[in-house]
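Below is one structure, written out as structure tokens; comments come after it.
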Amino acid sequence: MTINFKQVLHAKKKFVPSEVELDMTPMVDVTFQLLIFFMLTATFVQQRSLNMPKPKDESQTASKSIEEIQEASDTVTVRVDGNGTFYISAAALGDDEIEVPSRQELYVKLKQARQPDASGNIPTRLLVMANGDAIHGRVVMAIDAGNEIGMESVQLVTQEDEE
């Protein structure tokens, strides 16, 4: 038996594969599995918000001065200076401002300031006095702290000069 190489070469030339098709099903499956994985493992940050009432027209209501609000027995004052340091003053803490350097200590001092005084009055208002150069996050931290310990009313005042 002799093999004719021309026939073999010619036979190979005749065998032309048809157009190659790629099956996309596994790629689509993997894509959907990745999509489902990322959707299930993603963490969603819940945005907290605090309802702020619109300012009232001063001609309709008699507004108190800042000094009157600070001196009221039902008010706790948190002052945020330009460096972001907190200072708390309240009737339950004495007459002097107390410097509060950290967030944890802010909560502790606010809870102490919320204790009833000699006549049994519990402070329900928080006055946040923020310096114009204070970091916004520190001011929000003071407002959130007052909201978390149960203050019913929160007022925000900005001041340019430290006293």
Side-chain angles (χ1 to χ4, degrees), residues 24-163:
M24 296 297 289
T25 306
M27 191 179 337
V28 172
D29 289 345
V30 168
T31 304
F32 280 127
Q33 286 180 358
L34 284 173
L35 180 66
I36 291 170
F37 172 77
F38 287 121
M39 286 173 56
L40 292 177
T41 59
T43 58
F44 296 102
V45 178
Q46 181 180 3
Q47 295 290 329
R48 294 186 303 162
S49 63
L50 183 64
N51 290 333
M52 300 292 281
K54 291 182 2 181
K56 296 178 182 172
D57 188 16
E58 290 186 24
S59 63
Q60 295 175 353
T61 61
S63 64
K64 294 181 181 178
S65 69
I66 295 173
E67 291 80 17
E68 290 173 342
I69 294 172
Q70 279 182 297
E71 292 173 2
S73 63
D74 67 338
T75 302
V76 176
T77 304
V78 176
R79 186 171 61 85
V80 184
D81 68 0
N83 297 325
T85 306
F86 300 111
Y87 296 91
I88 297 179
S89 62
L93 298 175
D95 294 332
D96 296 332
E97 280 187 330
I98 299 173
E99 181 178 348
V100 182
S102 68
R103 180 180 186 165
Q104 291 79 15
E105 199 170 333
L106 175 66
Y107 283 98
V108 170
K109 293 296 181 185
L110 281 175
K111 285 180 183 177
Q112 288 176 359
R114 188 133 160 79
Q115 298 301 320
D117 60 3
S119 60
N121 294 331
I122 298 174
T124 58
R125 291 194 294 173
L126 177 69
L127 175 64
V128 179
M129 299 178 68
N131 186 290
D133 296 330
I135 299 169
H136 182 71
R138 300 289 281 184
V139 176
V140 172
M141 190 183 302
I143 294 171
D144 286 344
N147 191 29
E148 286 185 29
I149 66 162
M151 292 292 189
E152 295 173 6
S153 172
V154 178
Q155 293 178 314
L156 178 62
V157 177
T158 58
Q159 60 184 11
E160 291 301 319
D161 298 327
E162 292 190 21
E163 298 171 12

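What you see is a predicted model, and the numbers here were worked out from it, not measured in a lab.
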Once you round to the nearest 0.5 Å, how far does CD1 of I149 lie from CD of Q112? 10.5 Å
Close side-chain approach of V76 and R114, heavy atoms under 4.5 Å: no
Can you check side-chain contact (heavy atoms from CB on, under 4.5 Å) on L110 and V100, steps first, answer last? CA-CA 10 Å; L110 281 175; V100 182; over 6 Å; no
Using modelled atom types only, decide if a donor and an acceptor are shared between the side chain of T85 and the backbone of D81 within a distance under 3.5 Å. no
What's the spacing between E148 CD and I143 CD1 if we round to 0.5 Å? 12.5 Å
Donor-acceptor pair, side chain of R138 and main chain of V80, under 3.5 angstrom: no
Which is it for R125 and L127 under the side-chain contact (heavy atoms from CB on, under 4.5 Å) test, yes or no, and what are the steps along the way? CA-CA 7 Å; R125 291 194 294 173; L127 175 64; over 6 Å; no
What is the minimum heavy-atom distance between A145 and L106, and which atoms define it? CB-CD2, 3.8 Å
Quick check for you: to the nearest 0.5 Å, what is the distance between T124 atom OG1 and M151 atom CE? 7.5 Å
Check L126 against G146 and note the closest heavy-atom contact, atom names and distance. CD2-CA, 3.6 Å
At their closest point, which heavy atom of V139 faces which heavy atom of A130, and how far apart are they? CG2-CB, 3.6 Å
Hey, what do you get for CE (M141) to OH (Y107), rounding to the nearest 0.5 Å? 8.0 Å
Does R79 reach the main-chain N or O of E97 with its side chain, forming a donor-acceptor pair under 3.5 Å? no
Do Q104 and V108 make a side-chain contact, defined as non-hydrogen atoms from C-beta onward lying under 4.5 Å apart? no
Output for pair (I88 CD1, E99 CD), nearest 0.5 Å, gives 11.0 Å
To the nearest 0.5 Å, what is the distance between CD1 on I135 and CG on N83? 8.5 Å
Could you tell me which non-hydrogen atom of P123 sits nearest to which non-hydrogen atom of Q115, and how far apart they are? CD-O, 3.8 Å
